[in-house]
Protein chains: 2
Amino acid sequence: MTTREPISRRERPAKPALSREAIIDAALLVLERDGAEKLTIRRVAAELDTGPASLYVYVKNVTVLHALLIDGLLADLDLAWDDTEPWRERLHRVISDYVDLLTEHGNLARSAMFVWPDGPHYLSLVDLLLRLLQSADADEKTAAWGIDLILQHANIAAAEWAARASGTGQDLDELATTLASADERRHPTLAAFDTAVFVQGTPDERRRWALDILLDGITTKRHR
Amino acid sequence: MTTREPISRRERPAKPALSREAIIDAALLVLERDGAEKLTIRRVAAELDTGPASLYVYVKNVTVLHALLIDGLLADLDLAWDDTEPWRERLHRVISDYVDLLTEHGNLARSAMFVWPDGPHYLSLVDLLLRLLQSADADEKTAAWGIDLILQHANIAAAEWAARASGTGQDLDELATTLASADERRHPTLAAFDTAVFVQGTPDERRRWALDILLDGITTKRHR
DNA sequence: ACCTGAACACCGTTCAAGT
DNA sequence: ACCTGAACACCGTTCAAGT
């Protein structure tokens with residue numbers, strides 16, 4: 001497998017030259033085949049028939065690899081602008097789509113929390129959000145910081161849900177039990193509270209609720 | 001610390017019997033000595049002069065180990081209730097304390113995002129938050145879900161800041177450049193926007209701003 | 001039941017050497 | 001400059017065997 005003379009031509013898919021694009025392609029393949037938790041430098045390198053060291057010319061670290069991927073996935077997002085749909089509805093829809101997309105690849109969502117997946121698709125998403133918040137009369141700072149806050153929340157929602165699904169997190173029953181066992185002396189407010197409420201609601205309900213809180217807050221604009 | 005026979009007295013610190021408490025003690029020591037990113041099952045086990053397998057009788061996995069620790073750290077939190085301080089100020093103060101505490105141990109903050117550190121101190125924190133939101137006239141659901149949202153935001157803030165400090169994240173300059181390079185055709189709204197705003201503000205300012213958004217949203221209570 | 005050594009199945013990253 | 005094999009320095013978790 002070194003400088004091979006033009007033998008039979010296509011004995012194998014012909015080892016592609018390394019490049020950022022080739023890496024993304026290989027990574028997408030690994031993602032689909034092995035799942036997000038297996039999306040490691042080593043596996044992508046193996047997919048490219050090389051050692052892990054080779055990738056470091058193109059990606060600074062794993063987090064960057066993840067960010068690269070996320071932007072790729074975002075290509076599937078529906079970012080169409082629709083005059084007739086109220087801004088709030090549209091925003092709910094796009095964030096819901098975004099969370100769904102990330103949730104399918106739980107591990108990636110964790111990375112999304114720490115890097116802005118700075119690719120063209122992510123920029124398009126930000127562009128749409130900005131347009132929506134502007135149409136809701138948010139001023140510059142509120143819009144910009146608000147987008148950060150909204151995406152942060154979406155990322156957490158995806159990561160949390162994925163953690164729950166993979167069994168890495170703790171189950172809600174456990175949490176409910178702890179809350180219910182609040183001591184009357186040490187935690188009087190909690191003891192007098194219907195703690196079941198904490199764990200109520202479907203993920204969807206809670207996401208929607210939380211986003212509304214955010215949007216209410218953003219459009220209230222106290223400017224304190 | 002156990003019922004020790006009066007032998008020669010202090011030949012060694014006397015290998016303590018394993019227990020959840022002993023594990024927490026050892027973990028706190030590792031945390032202080034080696035930092036949060038080194039707080040692994042293996043290191044804590046080594047600290048206890050045993051193999052990693054031994055800990056699995058007491059902790060289900062690393063995440064649980066982290067959760068245990070977080071609750072321990074929360075012991076230092078000032079949770080006093082003060083009639084004279086307006087609820088909003090008090091809430092800002094306690095969340096700010098909480099974030100500071102977690103930020104010092106960045107890696108732990110990441111775990112806090114996926115487990116409720118269900119120990120007595122965490123319950124006390126929740127108790128205080130509940131009391132504060134109730135005094136702001138939030139109904140049950142709004143208070144409970146709101147606390148979840150607030151803590152989520154605090155956890156992210158801590159984790160993000162820690163990631164930035166450790167160099168794992170991406171630096172803001174990079175992000176600013178990407179945003180500024182928005183293409184006029186593909187990202188018209190962004191191109192016409194002063195993208196510098198996205199990365200403006202100190203962490204403190206942004207935290208305070210975000211929490212106010214949350215609180216504004218929570219106290220608005222649209223009930224849609 | 002509790003505890004353990006050893007193994008299993010991996011990681012990310014760096015380095016010295018090649019081309 | 002780009003690419004690589006090999007090594008470094010770790011991980012979490014499980015298992016079979018002991019007490």
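Every chain is numbered from 1, with letters handed out A, B, ... down the list of sequences.
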Could you give the [atom1]-to-[atom2] distance, from [X] to [N], as a whole number of Å?
X: B/D49; N: C/dC3; atom1: CG; atom2: P; answer: 14 Å
X: B/D34; N: D/dA9; atom1: CG; atom2: C1'; answer: 14 Å
X: B/E37; N: C/dT13; atom1: CD; atom2: P; answer: 14 Å
X: A/R20; N: D/dC2; atom1: CZ; atom2: C1'; answer: 16 Å
X: A/Y58; N: D/dC2; atom1: OH; atom2: C1'; answer: 6 Å
X: B/L65; N: D/dG12; atom1: CG; atom2: P; answer: 9 Å
X: B/Y56; N: C/dG5; atom1: OH; atom2: P; answer: 16 Å
X: A/K38; N: C/dC11; atom1: NZ; atom2: P; answer: 7 Å

Q: Could you please spell out the steps behind the side chain to side chain contact (heavy atoms under 4.5 Å, CB included) verdict for B/L175 and B/L179?
A: CA-CA 6 Å; B/L175 174 58; B/L179 287 172; 4.1 Å; yes
Q. Mapping B/P52 and A/I41 onto DNA chain C by nearest heavy atom, which one lands closer to the 5' end?
A. B/P52
Q) OP1 or OP2 of D/dC3 sitting under 4.0 Å from any side-chain N/O of A/T50? A) no
Q. Can you give the dot-bracket line for DNA chain C, using ( ) for pairs inside the strand, [ ] for pairs that cross earlier ones, | for pairs with another strand and . for unpaired bases, where Watson-Crick and G-U count if both distances are under 3.5 Å?
A. ||.|||||...|||||.||
Candidate nucleotides [options], ranked by approach to the side chain of [X] - the nearest:
X: A/L18; options: D/dC10, D/dT4, D/dT13; value: D/dT4
X: B/R42; options: D/dC2, C/dT4, D/dT13; value: D/dT13
X: A/A53; options: C/dT13, C/dC15, D/dC10; value: C/dC15
X: A/R43; options: C/dT13, D/dG12, C/dC10; value: C/dC10

With a 3.5 Å cut-off and sequence neighbours excluded, list the donor-acceptor pairs that the side chains of residues 144-157 of chain A form with protein atoms.
{"unit_1": "A/W145", "atom_1": "NE1", "unit_2": "B/V197", "atom_2": "O", "d": "2.9"}
{"unit_1": "A/D148", "atom_1": "OD2", "unit_2": "B/R206", "atom_2": "NH2", "d": "3.1"}
{"unit_1": "A/Q152", "atom_1": "NE2", "unit_2": "B/E160", "atom_2": "OE1", "d": "3.3"}
{"unit_1": "A/Q152", "atom_1": "NE2", "unit_2": "B/E160", "atom_2": "OE2", "d": "3.3"}
{"unit_1": "A/N155", "atom_1": "OD1", "unit_2": "A/Y98", "atom_2": "OH", "d": "2.7"}
{"unit_1": "A/N155", "atom_1": "ND2", "unit_2": "A/A112", "atom_2": "O", "d": "3.2"}
{"unit_1": "A/N155", "atom_1": "ND2", "unit_2": "A/L151", "atom_2": "O", "d": "3.2"}

Q. How far, in whole Å, is C/dC8 from D/dC11 if one measures between their C1' atoms?
A. 12 Å
Q.
For the backbone of A/D71 and the side chain of A/H121, can you confirm whether one donor and one acceptor N or O come within less than 3.5 Å of each other?
A. yes
**Q.** A/T50 (side chain) donor-acceptor with A/A46 (main chain) under 3.5 angstrom
**A.** no
Check: residues 38-45 of chain B side-chain donor-acceptor pairs under 3.5 Å, at least two apart:
{"unit_1": "B/T40", "atom_1": "OG1", "unit_2": "B/R43", "atom_2": "N", "d": "3.1"}
{"unit_1": "B/R43", "atom_1": "NE", "unit_2": "B/D34", "atom_2": "OD2", "d": "3.3"}

Q.
Just verifying a value: how many Å separate B/L77 CG and B/Y122 OH, rounded to the nearest 0.5 Å?
A. 11.0 Å
Q. From A/L69 CG over to A/L74 CG, what is the distance, rounded to the nearest 0.5 angstrom?
A. 11.0 Å
Q. Hey, does B/T40 reach any base, or is it just sugar-phosphate, or nothing, if we go heavy atoms under 4.0 Å?
A. sugar-phosphate
